[in-house]
Amino acid sequence: MLEQIGRKDQVEPYLDRAIAEKQKIMGFCHREYKVKDPRAVILQGPGRATLQPLRPRFDVLPDLARRL
């Protein structure tokens with residue numbers, strides 16, 4: 001989904017289109033955590049280290065995910 005969006009300025013138009021077409025949006029329709037998952041904190045460092053060699057292609061994806 002993030003690769004389909006491509007850039008941060010395309011997040012809102014993508015979501016508007018997906019909602020209008022009644023598409024499923026990955027990562028939504030699940031319960032909301034009231035606290036941050038402790039596993040996420042542990043995995044953030046290794047995740048960044050894994051993506052580091054793949055830059056710049058995947059450099060934009062974490063920003064897109066946070067924007068969503």
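Given the structure is predicted, the values throughout are model-derived calculations rather than measurements. Residue indices begin at 1 and follow the sequence shown.
A distance of 7.5 Å separates CD in Gln23 from CZ in Arg17, rounded to the nearest 0.5 Å. Separating the CG atom in Asp9 from the OH atom in Tyr14 is a distance of 15.0 Å, to the nearest 0.5 Å.
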- Evaluate the criterion side chain to side chain contact (heavy atoms under 4.5 Å, CB included) for residue pair Leu15 and Ile5; output intermediate values, then yes/no. CA-CA 9 Å; Leu15 288 175; Ile5 296 171; 6.0 Å; no
